[in-house]
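What follows is one structure encoded as structure tokens, with my remarks underneath.
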Amino acid sequence: MFEGLVYSQVSEEFVKPLFPADGEDMEVSILFSPELCVDACYCASNHNGVNWRTAASRHEDGRYYFSLQAAYRPESLRYYFIFRTGGRFYYYSKRGVSIFPPEAKNHFTVTPSLESPGWIASSYCYQIFPDRFCNGDASNDVKDGEYFYNGTYVTSRSFDQKPEGYEKARCVDFYNGDLKGVEDKLDYLVSLGVSCIYLNPIGRSYTVHRFDTTDYFHVDEKLGGDEALVSLIKKAHEKGIRVIVDISINHTSTENEWFKKASSDPESEEAGYYYIDKDGNFASWAGVDTMPQLNFNSQKLRDRLYRNEDSVMQKFLRKPFNQDGWRLDVAPELGRNGNDQLCKEVWREVHQYIKAVNKDIYLVGEDWNDASEYLEGDMWDATMNYYGSGRPLRSWLGERDRYLTEAWGHSPEVDIPYNAYELADALQASMDAGFDLSRYFRMNLYDSHDTPRLHNHLAIYNQKKYEGVVMALCLLPGMPNIYYGDEVGLDGEMGSVEGSRYPMWWDEKKWNKDTLFVHRLMGKIRKDKDLAFASVYFIPLDDDALAILRRTEDKAWLLVLNKGKARDVKLSSFLLDGYKVESSPYNDAHCGSGWTFSLGDNTSQLFILEK
């Protein structure tokens with residue numbers, strides 16, 4: 001009955017200021033279609049534990065404005081709207097219009113004095129698996145047979161060789177990519193529009209993935225050591241690029257000096273860092289016998305990981321490194337062992353100590369599901385948003401959800417694709433999960449070191465459909481994360497994690513230039529600061545076309561995401577009243593009268609609009 005006639009959300013269009021201080025005066029609004037005759041409108045909000053009904057302070061052009069006061073931490077302001085039309089009162093919240101008051105989880109929420117970094121919302125991130133990106137310094141290359149680990153001898157491979165399976169390579173097959181190689185390619189990243197680099201772990205380790213560190217406090221010499229990180233971050237900052245780094249404080253390597261001490265001396269301080277019984281048996285991550293789990297009952301461990309000024313998580317944020325954030329590996333699993341359920345306690349402490357160093361430091365947790373319980377402003381700033389971006393977008397192309405497939409999702413299957421209505425529901429549900437401001441800090445992605453590359457899933461891959469998905473990812477609120485090589489169509493295979501970690505192509509003759517064009521285009525669009533906190537709308541046009549609209553009060557970005565046959569579709573929405581097409585930068589498409597679009601087979605269209 002009210003579909004497409006009533007809108008509000010937590011964005012710069014509807015909330016001013018969007019990031020209030022404790023107790024600051026605010027103004028929120030709700031927008032009605034001219035088709036709807038509204039004769040009364042109120043805003044219901046909580047304040048000091050009391051639910052208040054506030055009358056509109058003004059209204060014009062279908063928009064009603066309300067003066068509210070921000071909450072005081074740790075509380076958040078919660079509110080919804082009440083309006084009357086046709087002689088009856090209705091309620092409007094994140095669940096839409098209802099005839100009964102909405103439950104609290106569907107109230108709009110604004111968290112005051114938020115410490116999450118505002119730079120995320122306008123950033124364009126590029127993820128690098130360091131060993132597979134670029135070799136910039138041959139002097140630190142691993143030599144064949146240099147050491148024995150995990151059941152085999154280390155090998156040194158060239159960038160023109162494909163990775164071997166785990167049973168043979170055992171994660172010690174080095175391509176000798178290093179931090180100097182990343183530094184050498186900064187101009188290439190600038191050409192993509194990249195403003196943030198996410199590096200997989202770089203601490204000392206015997207493996208290529210380095211999630212099993214032998215020493216948290218130093219950069220692996222095979223990557224160039226501490227000096228290489230200092231130099232990389234300095235040069236990156238000079239080019240306007242921030243750097244965040246992966247870390248696993250859930251487990252170490254069995255070769256870590258802490259674990260060696262713990263194993264040899266049950267009375268040592270380090271013995272308390274792990275779960276080790278009197279027979280020498282120890283708890284490990286996911287049953288991997290080279291990755292013993294850390295025990296956060298140890299206060300000394302907490303000191304060394306994040307509390308002390310010289311702790312590992314603080315050290316690299318300070319001079320001379322000046323790192324800009326941490327990606328937190330297996331974050332929901334941290335601190336959990338039997339009766340020990342310390343996960344949230346530890347992440348709240350990490351947040352407290354790290355934000356005291358610099359509130360603009362980014363803390364992004366790895367979580368494949370709805371992570372809203374961790375995104376309330378006192379633990380992580382964000383999640384790697386597989387749940388709200390990668391999983392639905394892959395399903396749009398016809399891939400079965402990874403939790404319904406074998407081999408940890410590395411052997412994806414084909415399934416009935418999402419239609420536009422289902423994709424809209426999935427994306428909106430993710431937006432509405434948790435407190436509303438968290439959507440602007442999420443790391444949106446469909447590929448990573450832990451997933452097969454979407455473009456390598458040949459059973460569902462179509463070039464034009466894929467280009468549409470790239471544009472959709474980059475228009476979602478938050479920060480898109482592009483996995484190295486995706487922008488050029490890097491080779492890979494299904495079946496194991498090694499298939500997503502092929503060495504980067506630097507021979508431009510191999511590059512998919514169409515894919516590269518789309519990534520560079522979206523990198524340019526992401527530089528528009530007005531996009532960062534713009535409203536977002538998902539409007540199905542038919543089963544195979546979804547309009548994704550981001551808009552401010554005088555500018556808009558419109559993607560008609562299409563995977564169907566050639567046809568005309570029409571977007572009928574008062575949200576476009578007063579806007580006109582300024583450009584169509586993707587394929588110079590034409591918009592007909594009344595917002596009609598002539599779509600080609602599987603081809604999306606992108607428009608920049610202005611008033």
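The structure presented is a predicted model; accordingly, all values stated were derived computationally and were not measured. No hydrogens, no waters, no symmetry mates; every other heavy atom, side chains included, goes into these values. For this chain, numbers begin at 1 and follow the sequence in order.
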Flag, side chain of S98 to backbone of F100, donor-acceptor distance under 3.5 Å: yes
Aromatic ring pairing F66/Y64, orientation class (parallel under 30°, perpendicular over 60°, tilted between): parallel
K555 side chain to R551 backbone, donor-acceptor under 3.5 Å: no
Any Y579 side-chain heavy atom under 4.5 Å of L549 side chain: no
Plane angle bin for F81 and Y92 - parallel if under 30°, tilted between 30 and 60°, otherwise perpendicular: tilted
Check: D450/S448 side-chain N/O donor and acceptor closer than 3.5 Å: no
Which atom of R391 lies closest to which atom of W368, heavy atoms considered: NH1-O, 2.7 Å
Contact summary for D447 and L454, nearest pair of heavy atoms: OD1-N, 2.9 Å
Check: E13 and S535 side chains under 4.5 Å, non-hydrogen atoms: yes
Backbone N/O of I244 and side chain of D324: donor-acceptor pair under 3.5 Å: no
Any V536 side-chain heavy atom under 4.5 Å of L427 side chain: no
Audit row: E498, R501, salt bridge (charged side-chain N to carboxylate O under 4.0 Å, His left out) steps and yes/no: CA-CA 5 Å; E498 282 75 19; R501 301 175 181 179; 5.4 Å; no
Centroid-centroid distance, Y188 to W506, less than 6.0 Å: yes
Side-chain H-bond candidate by donor/acceptor type, Y198 with D246, under 3.5 Å: yes
Side-chain heavy atoms of Y126 within contact of K185, under 4.5 Å: no
Check: S430/R442 side-chain N/O donor and acceptor closer than 3.5 Å: yes
Distance-only polar pair, side chains of T111 and S76, donor-acceptor under 3.5 Å: yes
Verdict with reasoning, K239 to D187, per salt bridge (charged side-chain N to carboxylate O under 4.0 Å, His left out): CA-CA 8 Å; K239 295 180 181 294; D187 285 342; 2.8 Å; yes
N/O donor-acceptor pair under 3.5 Å between T85 side chain and V38 backbone: no
Heavy-atom pair of closest approach, residues D544 and W396: O-CH2, 3.7 Å
Distance-only side-chain donor-acceptor flag, Y586 / D588, under 3.5 Å: no
Donor on one side chain, acceptor on other, N562 and S604, under 3.5 Å: no
Heavy-atom pair with the smallest gap, counting every atom of D367 and A371: OD2-CB, 3.5 Å
Heavy-atom side-chain proximity of V194 to I482 below 4.5 angstrom: no
Check: L606 main-chain N/O paired with W557 side-chain donor or acceptor under 3.5 Å: no
Between E366 and Y386: side-chain donor-acceptor atoms closer than 3.5 Å: no
Close side-chain approach of V581 and H590, heavy atoms under 4.5 Å: no
E487 side chain to G485 backbone, donor-acceptor under 3.5 Å: yes
F108 side chain near I30 side chain, heavy-atom distance below 4.5 Å: no
Shortest non-hydrogen separation from Y79 to S45 and the atoms involved: CB-CB, 3.8 Å
Mutual orientation of the aromatic rings belonging to F19 and F533 [parallel < 30°, tilted 30-60°, perpendicular > 60°]: perpendicular
4.5 Å side-chain heavy-atom contact, R550 and P477: yes
NZ or CZ of R63 within 45° of F14 ring axis and under 6.0 Å: yes
Residue pair N587 / Q605, side-chain donor-acceptor N/O under 3.5 Å: no
Any donor-acceptor pair under 3.5 Å from S195 side chain to Y124 backbone: yes
Parallel, tilted or perpendicular: ring planes of Y42 versus F89, cut at 30 and 60 degrees: tilted
Y446 and E399 side chains, donor-acceptor separation under 3.5 Å: no
Verdict with supporting geometry, D329 and R327, salt bridge (charged side-chain N to carboxylate O under 4.0 Å, His left out): CA-CA 6 Å; D329 184 50; R327 182 265 189 183; 3.1 Å; yes
Modelled atom types, side-chain donor and acceptor of Q463 and T515, under 3.5 Å: yes
Y175 six-ring face occupied by R132 cation (under 6.0 Å, within 45°): no
Donor-acceptor contact below 3.5 Å, side chain E467 vs main chain K464: no
Heavy-atom closest contact (M522 atom, M471 atom, distance): SD-CG, 3.7 Å
Residue from R95, K94, R78 passing side chain to side chain donor-acceptor pair (under 3.5 Å) with H107: R78
Derivation and outcome, salt bridge (charged side-chain N to carboxylate O under 4.0 Å, His left out), residues R439 and D432: CA-CA 8 Å; R439 71 185 60 170; D432 291 340; 3.8 Å; yes
Of Y7, F83, F2, Y90, the residue whose pairing with F32 passes ring pair (Phe, Tyr, Trp, His ring centres under 6.0 Å): F83
